[in-house]
Amino acid sequence: MSEQEKSDFIREIINEDLKTNKFNGRVHTRFPPEPNGYLHIGHAKSINLNYGIAQEYGGKFNLRFDDTNPEKEEQEYVDSIIEDVKWIGGKFEEKILFASDYFETMYEYAVRLITKGKAYVCDLSGDQIREYRGTLTEPGKESPYRNRTVEENLDLFQRMRSGEFANGLKTLRAKIDMASPNINLRDPIMYRIIHEEHHRQGKQWCIYPTYDWAHGIEDSLEGITHSICTLEFENHRPLYDWFLEELEVYHPRQIEFARLNLSYTVLSKRKLLKLVSEKHVAGWDDPRMPTIAGYRRRGYTPEAIKNFCDIISVAKRDSVIDVALMEFSIREDLNKRARRAMAVLHPVKVVITNYPENKTEELSAVNNPEDEAAGTRMLPFSREIFIEQDDFREVPPPKYFRLSPGKEVRLRYAYIIKCEKVIKDEAGNILEIHCTYDAETKSGMANAGRKVKATIHWVSAPHAVNAEVRLYDRLFLKENPDEAEEGKDFLSNLNPHSLEVLNSCKVEPMLGSAKAGERFQFERLGYFCADAKETKEGAPVFNRIVTLKDSWAKIEQKEKP
RNA sequence: UGUCGGGUCGUCUAAUGGCAGGACAGCGCCCUUUGGAGGCGUAUGUAGAGGUUCGACUCCUCUCCCGACAGCCA
């Protein structure tokens, strides 16, 4: 998709603002995560949107941490978020920003509102505040503390700051309208008392601004033009606007879009945290997690993620994106870029009885048929090879084109072989398959053109390297994991087979020195990535990124009743 | 029975008063030394009812359906 063609309701708004010169021709966006968890694919959508817009319009982009709640936030999350935003490709202006750096200004602004008679210190408890707020259909009641004098409010607010009161004893509230049909306008809380150490401010503060109070100020201070957030903040926009108007400061425009939902996936921070803390997965970067760190470890590329974000576009209606679109994006990317390799995951030995013992040939193999520049490599071939158990059936089902007794297949880049005999143990397990080869059918020879129905992959037994391969699948069995039985939650929909570890895989020699993070297509199987943390020279560990589209699997599925 | 927002192929998304198009998924065929890739083709959609108009996905009215909001979370 070319940048020119991109069009959505947000870009339309920006075009309109540019036309009317609303922000003097400026475009300045931001990505404002709270450092209370790892970034996930939904955040990638937001980064791609905000950063993409800044880039397209020659504007600016800020990375700003919305660190206004010390009870939930940690430095570990700050670090991971910075790494993830960079990996996704978001380049932020000069330095990383923190809402907590504006705390002093926010305090002064609050004093300004108090002085205007637009904010007051309230002594109501949490329960009382809820009670006074009213309900969705009934108006609320005014707090008995609502009409304190400016002097009293100023004094109390100063004493809140200086630590005179315990948590929850007092709040600073905006004086708006307790009867507003929009609950957010019923005297919302601006400051609460939290005696807790902040990851950047230490013990400097014991009052912390709420999101509604803080966010618009952050945007205003940074000169943001378009403050893009998700739909659940739509009802907060009147409040965002109210604060900035009362403050009489620079006023950005808030625009809301629908957050990303992915089938077979959960994307709420709470649920992701639960998966990690209850050890249903191995950590935030477990390759099954929809976190940026998880996708990275799995082997996804930033380009594929960007492409995915472009495909799904952005709108206001709620939607659930088919996870197949994500899989399509990574396949499309890796098909063009990943070098091909031979790997046998479930090996069974084949002995080519008419091939000389002790002979080894070097056969030329193409590294990437989609990219001639990737060149070729040599593949050792010998009398004993491994093939995939699945590529042999003693009793072949209909339409099965691979090896079976008396039948021929081509070995990729090598010869056509014919199955002559199956050697089993007493229990009936297949130990070896004995084949003969046709020496005239070597890849590239005159007779090589002889047609056989199938080509299978293989690895020379004496040259094979042992590898561990981790087969990852969807983490959840249900399209909507939240759709659980009575009394159960999304965890009951976990896929028990989302990870299968194979320890005795046989791979071609070149793969023995795969570097951490390197990606390959294992021919006929899928795309794999050498694990970033655990792969070692001579003892490689591969993560399956995604399978190849497998039309045989589909045929087989259909044959079954 | 509050306020705000939303409803276009199975799934996303275009068309902003002028041929309902694209992608993914599906199906069929061709091609193929990866049952991959690629090529070609095919089916499927404007929530409903009225109205305005030469002409409506688009504008108006009503109805229906879905989502968000009653944290001192963001």
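As a basis for the values below, the full set of heavy atoms in this structure was taken, side chains included, without hydrogen atoms, waters or symmetry mates. Order of the sequence lines fixes the chain letters, A, B, ..., with proteins taken first and strands second; residue numbering starts at 1 for each chain.
Atom C1' of nucleotide B/A14 and atom CD1 of A/Ile311 are separated by 15 Å, given to the nearest angstrom. A straight line from CD1 of A/Ile183 to C1' of B/A70 spans 4 Å, rounded to a whole angstrom. Between the CZ atom of A/Arg317 and the P atom of B/A68 there is a distance of 17 Å, rounded to whole Å. Here the C1' atom of nucleotide B/C72 and the NE2 atom of A/His195 are 13 Å apart, to the nearest Å. Atom CD in A/Glu327 sits about 11 Å away from atom C1' in B/C24, given to the nearest Å. To the nearest angstrom, C1' of B/A37 lies 20 Å from CZ of A/Phe520.
Nearest-nucleotide positions on RNA chain B place A/Phe401 closer to the 5' end than the other of A/Phe401 and A/Thr68.
A close approach under 4.0 Å does not occur between any side-chain nitrogen or oxygen of A/Arg259 and OP1 or OP2 of B/G5. Under 4.0 angstrom from either OP1 or OP2 of B/G67 there lies no side-chain N or O belonging to A/Lys316. For the pair A/Arg270 and B/C73, the criterion of a side-chain N or O lying under 4.0 Å from OP1 or OP2 is not met. Side-chain N/O atoms of A/Lys72 include none lying less than 4.0 angstrom from OP1 or OP2 on B/A74.
Across B/G41 and B/C4, the matching C1' atoms stand 46 Å from one another, rounded to whole Å. For the P atoms, the distance from B/C29 to B/A14 is 34 Å, rounded to whole Å. To the nearest whole angstrom, the two C1' atoms, one in B/U44 and one in B/U13, are 16 Å apart.
Considering A/Arg412, A/Glu508, A/Glu388 in turn, A/Glu388 is the only one that fulfils the side chain to side chain donor-acceptor pair (under 3.5 Å) rule with A/His457.
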Checking A/Glu256 against A/Arg237 for the salt bridge (Lys or Arg N to Asp or Glu O under 4.0 Å) test, could you report, in this order, the C-alpha distance in whole Å, the side-chain angles of both residues, the deciding distance, and whether it holds? CA-CA 9 Å; A/Glu256 312 85 11; A/Arg237 182 163 16 102; 2.5 Å; yes
Does the pair A/Arg253 and A/Glu16 meet the rule for a salt bridge (Lys or Arg N to Asp or Glu O under 4.0 Å), with working shown? CA-CA 12 Å; A/Arg253 197 219 273 231; A/Glu16 191 59 34; over 6 Å; no
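Base orientation of B/G38: anti, the glycosidic angle falling outside 90° of 0.
Counted within 6.0 Å of NZ on A/Lys141, heavy atoms from surrounding residues, nucleotides or ligands total more than 12; the atom is thus considered enclosed.
In this entry B/U3 has B/A68 as its Watson-Crick or G-U wobble partner, both defining distances falling under 3.5 Å. As the counterpart of B/C31, no nucleotide is assigned, since no Watson-Crick or G-U wobble pattern has both distances under 3.5 Å.
Contacts of A/Arg412 with the nucleic acid, taken as non-hydrogen atoms under 4.0 Å apart, include base atoms.
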